[in-house]
Amino acid sequence: MSFIYNYPLIKLNTFGMDVKARRFAAFASVNELQELLNQWKASAHELLVLGGGSNILFTKDFEGTVLKNELKGINLAGENESHFFVKAAAGEVWHELVMYCVQKGYQGIENMALIPGCVGAAPMQNIGAYGVELKDIFEELEAMEIATGKTRIFGLADCAFGYRESVFKHGLKNKYVITSVTLRLNKVPKYNTSYGNIVQELEARGISDPNMRDIAEAVISIRRSKLPDPAQIGNAGSFFKNPEVPLEQYEKLKQDYPQLVGYPVGHQQVKLAAGWLIEQAGWKGKTFDGYGVHKNQALVLVHYGGATGSQVFELSEQIIRSVKEKFGVTLYREVNIY
Ligand code: FAD
Ligand code: NAP
């Protein structure tokens, strides 16, 4: 296996940033991954394991080694009375895994239809949408330890999943390459349609007793109507996380801003809709030279072409500053910056 030098990444990141990797290779088996990691270790360069590039902002050329994950395969790994266990290789496209489960009737994953990217990145930030997170259907994952090449199985407790968080973004950052994920899906459906406007979308379609496919199709339709398609406009989805603030701070803000959007997290914290804060701070739809804030969803920063990742990053800094000034709330980025 050999590396390609100065490899263009423009088609491998959904922001469409025109940057290069100093060295690049793709792996389609665990053995190939091991071999590439051994070669990489001889260099003193940074390593980046790339899935679909849909949660990344490149602010400059990547001066290290990029390894593109092309591990493929989905299979039913087992079942018991109540659950199916589906194992997917890390290079599988997440949405294709969702549609595979919908087609087979493996229930629990349908609210997460159309999230871009690969299976192997899903545990990184415990992906979630419409009231379901990866952790809700997670059984285990396999990962290769970069330092030793050894395989380790991680159960739910090992992953320390939180809101857009996991151990792989913190204590074990850059220590493992995730090679497969096994999901635990229901035999007896327990649908969750209470989030966002799924119910309204189903009603508009004349569906009162939805099945898994109906819900997946409703989610797909809502997402297509609200979110920019990275194939048309560069973006990485929500650029910021929804901030959680103490109940007291929320109540005070609510007095000043009665329209404030917040959802309780436990008894003492409230999650604020970051998109609403950014919109109120005047950023929604703002366009600069080739980049800006999306016109329908202020949480999404967009790249129309010709801009750099550092310009988008600087915009994110300005947004953080202005939301802090107006509301006293700190926004944190969800997108990984390189
Ligand atoms: P990449 O961008 O390739 O990688 C992301 C990070 O994970 C990088 O640090 C990378 O090094 C690391 N990584 C990737 N694969 C591995 C691996 N196998 N082992 C170790 N590390 C790895 N996210 C949500 O949670 N919910 C949403 O609803 C959602 N909607 C989105 C909508 C749009 C239009 C877009 C563009 C993005 C959206 N996202 C959403 C963000 C993104 O889709 C997810 O974070 C997704 O899991 C990223 O997958 P990826 O393969 O593209 O990861
Ligand atoms: P939305 O439905 O307009 O809702 C705005 C925000 O309010 C969302 O971010 C969501 O938080 C929260 N929310 C809505 N209903 C809620 C409820 N019943 N209980 C608790 N919180 C609630 O949001 P949207 O932008 O169209 O996105 C819809 C879903 O897709 C959300 O779950 C969102 O996270 C997900 N999404 C994620 C990304 C990404 O890149 N991470 C991109 C697009 C969409 P949560 O975000 O915490 O769910």
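Numbers here simply count residues along the sequence, with the first being 1. Counting starts at 1 for both ligands and their atoms, in listed order.
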Protein heavy-atom partner closest to [atom] - residue, atom, separation in Å:
atom	result
atom 12 (C) of ligand 2	Tyr263 CE1, 3.4 Å
atom 5 (C) of ligand 2	Ala273 CB, 4.5 Å
atom 52 (O) of ligand 1	Ser54 OG, 2.6 Å
atom 2 (O) of ligand 2	Lys226 NZ, 3.8 Å
atom 41 (N) of ligand 2	Glu334 OE2, 2.7 Å
atom 35 (C) of ligand 2	Ala129 CB, 3.8 Å
atom 25 (O) of ligand 1	Gln125 NE2, 3.0 Å
atom 19 (N) of ligand 1	Ile178 N, 2.9 Å
atom 4 (O) of ligand 1	Ile56 CD1, 3.9 Å
atom 42 (C) of ligand 2	Ser238 OG, 3.2 Å
atom 21 (N) of ligand 2	Tyr195 OH, 2.9 Å
atom 10 (C) of ligand 1	Val49 O, 3.1 Å
atom 8 (C) of ligand 2	Asn242 ND2, 3.9 Å
atom 38 (C) of ligand 1	Pro116 CD, 3.6 Å
atom 47 (O) of ligand 1	Ile127 CG2, 3.2 Å
atom 53 (O) of ligand 1	Ala121 CB, 3.2 Å

| query | When clusters are formed by joining ILVMFWY residues with side-chain heavy atoms under 4.5 Å apart, either directly or through shared neighbours, do Tyr100 and Leu71 land in the same one? | reply | no
Numbered atoms of ligand 2 (with element) below 4.0 Å of [X], judged on heavy atoms:
X	answer
Leu227	43 (C)
Arg164	34 (O), 41 (N), 46 (O)
Gln297	24 (P), 25 (O)
Gly237	40 (O)

Which of these, [options], has its nearest heavy atom closest to [atom]?
atom	options	answer
atom 20 (C) of ligand 1	Tyr163, Trp94, Tyr176, Tyr130	Tyr176
atom 45 (O) of ligand 1	Asn55, Leu227, Ile115	Asn55
atom 8 (C) of ligand 1	Phe239, Tyr338, Phe168	Tyr338
atom 22 (C) of ligand 1	His95, Lys68, Glu92, Met124	Met124

Would you mind listing which atoms of ligand 1 come within a distance below 4.0 Å of any non-hydrogen atom of [X]?
X	value
Ala236	35 (C), 36 (C), 37 (C)
Ala129	28 (O)
Leu50	3 (O)
Gly51	3 (O), 51 (O)
Asn69	18 (N)
Gly117	49 (O), 50 (P), 51 (O), 52 (O)
Asn235	34 (C), 36 (C)
Gly128	24 (C), 25 (O), 26 (N), 27 (C), 28 (O)

| message | So that I can tick it off, tell me whether Glu201 and Arg205 are bridged by a salt bridge, with the cut-off set at under 4.0 angstrom between side-chain N and carboxylate O. | response | yes
| request: Look at Arg321 together with Glu314 and state whether they make a salt bridge at an N to O cut-off of under 4.0 Å. | output: yes
| message | Please list all pairs meeting side-chain hydrogen bond (donor to acceptor under 3.5 Å, both in side chains) that have one or both residues in residues 81-93, counting only residues at least two apart or in different chains. | response | Asn80-Ser82, His83-Asn186, Lys87-Glu142
Side chain, backbone, both or neither: which part of [X] comes within less than 4.0 Å of ligand 1 when only heavy atoms are counted?
X	answer
Met112	neither
Asn336	side chain
Phe15	neither

| message | Is there a side-chain contact between Phe239 and Leu57 in this structure, where contact means two heavy atoms from C-beta onward sitting under 4.5 Å apart? | response | yes
When you measure from the side chain of [X] to the backbone N and O of [Y], does any donor-acceptor pair fall under 3.5 Å?
X	Y	value
Lys190	Gln107	no
Ser166	Pro123	yes
Asn235	Ile233	yes
Asn111	Asn192	yes
Arg164	Phe240	no
Thr179	Val177	no
Lys254	Leu260	yes
Gln311	Thr308	yes
Tyr163	Asn242	yes
Lys68	Gly51	yes

| query | Is the Phe161 ring parallel, tilted or perpendicular to the Phe138 ring (thresholds 30°, 60°)? | reply | perpendicular
| task | Check the angle between the aromatic planes of Trp283 and Phe288 and answer parallel, tilted or perpendicular using the 30° and 60° thresholds. | result | tilted
| Of all the heavy atoms in Lys271, does at least one lie under 4.0 Å from an atom in ligand 2? | yes
| said: Tell me whether ligand 2 is touched by Tyr163 - counting only heavy atoms on the residue side and a distance under 4.0 Å. | reply: yes
| From Arg184, Lys104, Lys187, residue fulfilling salt bridge (charged side-chain N to carboxylate O under 4.0 Å, His left out) relative to Glu79 | Lys187
| Heavy-atom protein neighbour under 4.0 angstrom from atom 15 (N) of ligand 2 | yes
| said: At under 4.0 Å between heavy atoms, is it the side chain or the backbone of Tyr130 that contacts ligand 2, or both, or neither? | reply: both
| Would you say Gly53 has any N or O atom under 3.5 Å from an N or O of ligand 1, going by distance alone? | yes
| said: For ligand 1 and Arg223, I'd like to know whether there is a polar contact (N/O to N/O, distance under 3.5 Å). | reply: yes
| message | Looking at every heavy atom in both Val102 and Ala216, which two are closest together, and how far apart are they? | response | CG2-CB, 4.1 Å
